[in-house]
Amino acid sequence: MSYETLEVELRDGRVIPRNGEVLPAAAHALLVVLNTEASSRKESAGDVAHALSLIRARQSARGHSPRSADAVSQQVRRERESWE
């Protein structure tokens, strides 16, 4: 699993990439919706990228990785199945 930060706009329920970036044909994504004022500022993408880098640094310091996140996700699924 890898992470990529893309700045997009939402219009009529559609995701439109900004700055000429290309979206993957298929992907799982985490959507962070910024308020209209913040998303219209030029530095908003940089602000979000900085915030994400801080989150990643904290996750790394705690030993979290996509692999450990997948392991936790699988454990939760197994526990849910045992409840049924």
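What you are looking at is a predicted structure, and each value in this text was computed from that prediction instead of being measured.
Looking at Leu23 and Ile16, their side chains never come closer than 4.5 Å, going by heavy atoms from C-beta outward. Considering only heavy atoms from C-beta on, Leu31 stays 4.5 Å or farther from Val15 through its side chain.
Neither Val8 nor Val22 shares a network with the other; the hydrophobic side chains, linked directly or stepwise wherever heavy atoms of I, L, V, M, F, W or Y lie under 4.5 Å apart, form separate groups for each.
Closest heavy-atom contact between Thr5 and Glu21: O-OE1, 4.3 Å.
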